[in-house]
Chemist: 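So that we are looking at the same thing, I have put the structure below in structure tokens.
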2 protein chains.
Amino acid sequence: MDARVRLSDVAKAAGVSSATVSRVLRRPELVSPGVRERILAVIEELGYFANPAARALASARTNVIGILIPSLTNNVFADVLRGIYSVAQDSPYDLQFANTRYSNLEEENLLRVFLSQKPAGLIVTGIDQSPASRALLKQASCPIVQIMETGDDPIDMMVGFSHVRSAHAATAHLVGQGYRRIAFLGARMDPRTRRRLQGYSRALEEAGLFDERLIVTTPRSSTVTLGCELLGLLLEKELNADAVFCNNDDLALGVLFECQRRRIATPAEMGVCGFNDLEMMAVANPSITSVRTFRQEMGERSIRMLIDRIEDRPVKAPVVDLGFELMARQSSQRRPPPL
Amino acid sequence: MDARVRLSDVAKAAGVSSATVSRVLRRPELVSPGVRERILAVIEELGYFANPAARALASARTNVIGILIPSLTNNVFADVLRGIYSVAQDSPYDLQFANTRYSNLEEENLLRVFLSQKPAGLIVTGIDQSPASRALLKQASCPIVQIMETGDDPIDMMVGFSHVRSAHAATAHLVGQGYRRIAFLGARMDPRTRRRLQGYSRALEEAGLFDERLIVTTPRSSTVTLGCELLGLLLEKELNADAVFCNNDDLALGVLFECQRRRIATPAEMGVCGFNDLEMMAVANPSITSVRTFRQEMGERSIRMLIDRIEDRPVKAPVVDLGFELMARQSSQRRPPPL
DNA sequence: TTGTACGCGTTATCAG
DNA sequence: CTGATAACGCGTACAA
């Protein structure tokens with residue numbers, strides 16, 4: 001089992017040269033059907049498996065698709081990865097993940113490592129790469145997809161959605177429900193969170209309701225516990241907040257629990273809206289309003305586009321906006337106050 | 001930037017042979033300090049980066065550590081991966097994940113693929129590999145760690161905990177709190193879940209409280225929503241259940257929400273206990289009793305053991321039981337009924 | 001359509 | 001301690 005069978009073994013067994021076997025693997029159409037069948041049979045029989053190292057060395061390219069994401073454990077990225085995985089699974093490509101830990105510098109280093117391996121393609125997160133990273137990517141010889149966001153000036157391809165617009169929609173929804181003192185709770189202020197804050201601010205400015213003091217943020221990474229704490233901080237400020245738009249669903253759930261503990265009625269006294277629409281939002285009690293994002297689809301689309309380009313198939317739309325959907329639920333359901 | 005600098009370039013620039021450069025990289029102690037320093041300087045200056053394919057081809061081994069887990073998206077494995085990642089990050093090893101989707105057959109196939117690459121090491125999940133997989137692993141030429149469980153008869157090394165004992169402890173806790181009709185809610189009945197069911201059953205048998213009808217399971221994968229549904233199913237059976245031990249925390253949270261919706265008081269009318277102790281359990285309202293498992297540490301330990309063995313450092317304990325901790329909280333806090 | 005022959009960048013063996 | 005030199009297994013011009 002450890003005595004690997006090589007290309008030449010297959011060739012010998014099939015009575016052809018190794019070049020022909022190689023062709024059957026790479027460009028079968030160049031080999032006559034008869035020979036092809038015979039070789040394929042031998043490959044099957046011997047359980048031949050190409051040595052990836054040799055292949056990479058000889059062809060100066062690999063079947064590795066590199067994936068750069070800020071966090072492996074964040075629910076959001078887990079869903080994206082699942083999407084990526086589901087289509088890569090039955091493709092000839094190997095996935096290689098790396099974790100930038102939300103650092104542009106790490107991203108740059110990882111990029112150098114990846115690029116030095118001549119990957120078949122690359123998926124990177126967001127649109128805020130450092131200038132050096134952008135330069136590296138621009139002159140890379142493989143296709144590249146940026147995910148999670150949309151923007152003008154894509155490096156190559158792009159699939160995501162607008163964080164500004166989605167947050168704007170969520171905030172506008174709260175305004176429409178009659179809330180007037182709408183706070184923002186934000187954790188790990190990465191670029192996408194910042195843009196959501198922008199959308200929030202813009203919506204409130206449009207409604208003449210913006211109050212900077214209602215913004216509570218922290219660099220810590222988001223957890224349910226943190227949601228509880230941030231709500232506590234907000235309440236301490238005594239600003240008469242009557243709703244919170246949360247950076248993400250973890251925080252929103254924490255807010256819900258903390259409201260329950262403090263006997264603050266949701267949605268009557270405190271409206272709550274999350275972001276991402278994790279599965280649990282719909283079944284919480286009360287159910288929690290959130291902004292649905294299409295994370296798994298984002299993963300699927302991105303890797304599909306990438307593979308299409310790797311294999312020289314035309315990609316109709318190189319920039320895809322997947323949009324979002326406001327899921328209005330009980331936690332924000334309040335009629336406007338009576339006149 | 002695309003014109004890669006090779007080993008020979010370094011050699012030329014340093015005025016030595018490429019063999020010497022290679023030695024500096026692999027076995028620096030065999031090179032005289034003076035030459036070594038000079039070469040290292042040149043490497044730095046030229047930004048030399050070894051070609052992994054060439055290296056793998058020439059040395060017939062790779063720096064790839066393969067990780068086989070059943071699911072990429074499950075919270076539990078995400079934590080384990082984080083642990084693995086955190087120590088692999090600054091090691092020379094590349095991680096390569098693969099997803100067995102809880103299938104022994106897929107695992108077997110993936111194993112063949114991995115093994116054919118001569119990985120430096122392998123991490124596999126659980127102890128229920130197929131006989132064929134076990135055989136493959138046994139004769140593999142690299143170290144192997146099984147994670148998530150402990151058991152006798154390790155393939156090589158092992159780090160996990162006892163699912164039977166931990167579930168037993170949780171169930172005994174509920175019994176100790178005075179609950180008498182304790183149900184089991186289980187999703188995705190994988191081997192570890194089954195063993196937890198065993199622990200549950202055993203504890204109730206010991207207390208003379210076992211009733212098979214109180215066991216509600218499904219092959220579907222676990223979600224909070226599913227927790228709501230399973231509780232519904234349980235209640236339909238009208239068995240006077242007064243507590244539920246859940247397969248995992250997602251289900252437990254769903255049960256809590258569903259109890260709230262149905263106005264079933266927790267913990268008075270219904271005790272709830274989860275498994276894994278996800279972060280949110282402690283801040284739920286009421287806080288949810290759970291069994292804490294050391295997932296991140298499991299990842300860290302496993303990869304550390306693996307790397308130690310790869311690098312021929314002695315591993316003191318090749319089988320590690322990380323244990324568990326019962327986190328008793330409000331959701332199971334009921335005094336025994338008055339006499 | 002098929003075979004020959006060389007090269008990919010490194011490691012390893014063996015002299016020196 | 002250092003330097004030739006031959007693999008490692010496959011891809012690919014080029015020739016046939």
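Naming: A, B, ... by sequence-line order, numbering from 1 per chain. Here the structure is a predicted model, which means the values were calculated and not measured.
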Chemist: Provide, to the nearest angstrom, the distance between the CD atom belonging to A/Glu29 and the P atom belonging to C/dT2.
Modeler: 13 Å

Chemist: Measure from CD on B/Gln117 to P on D/dG9 and round the result to the nearest Å.
Modeler: 15 Å

Chemist: Parallel, tilted or perpendicular: which describes the rings of A/Tyr85 and A/Phe97, with under 30° parallel and over 60° perpendicular?
Modeler: parallel

Chemist: Provide the closest heavy-atom pair for B/Leu322 versus B/Phe294 in the form atom of the first, atom of the second, distance.
Modeler: O-CD1, 3.6 Å

Chemist: Would you find more than 12 non-hydrogen atoms of other residues, nucleotides or ligands less than 6.0 Å from A/Asp152 atom CG?
Modeler: no

Chemist: Between A/Thr293 and A/Arg295, is any side-chain donor less than 3.5 angstrom from a side-chain acceptor?
Modeler: yes

Chemist: A/Thr62 and A/Gln117: side-chain donor and acceptor closer than 3.5 Å?
Modeler: no

Chemist: If you draw a 6.0 Å radius around CZ in A/Arg61, do more than 12 non-hydrogen atoms from other residues or ligands fall strictly inside?
Modeler: no

Chemist: Looking just at side-chain N and O atoms, do A/Ser133 and A/Glu107 make a donor-acceptor pair shorter than 3.5 Å?
Modeler: no

Chemist: I'd like to compare against my own output: the B/S/- annotation of nucleotides 9-16 of chain C with a strict under-4.0 Å heavy-atom distance to protein.
Modeler: BBBBB---

Chemist: State, to the nearest 10°, the angle formed by the axis through the first five base pairs of the helix from C/dT1-D/dA16 to C/dG16-D/dC1 and the axis through its last five.
Modeler: 30°

Chemist: Can you establish whether the number of heavy atoms outside B/Glu44 located under 6.0 Å from its atom CD is more than 12?
Modeler: no

Chemist: Please report, rounded to the nearest Å, how far the P atom of D/dG11 is from the CG atom of A/Leu30.
Modeler: 14 Å

Chemist: Whole-Å distance between C/dC8 P and A/Lys118 NZ?
Modeler: 13 Å

Chemist: Judged by each residue's nearest nucleotide on DNA chain D, which is more toward the 5′ side, A/Thr20 or B/Val35?
Modeler: B/Val35

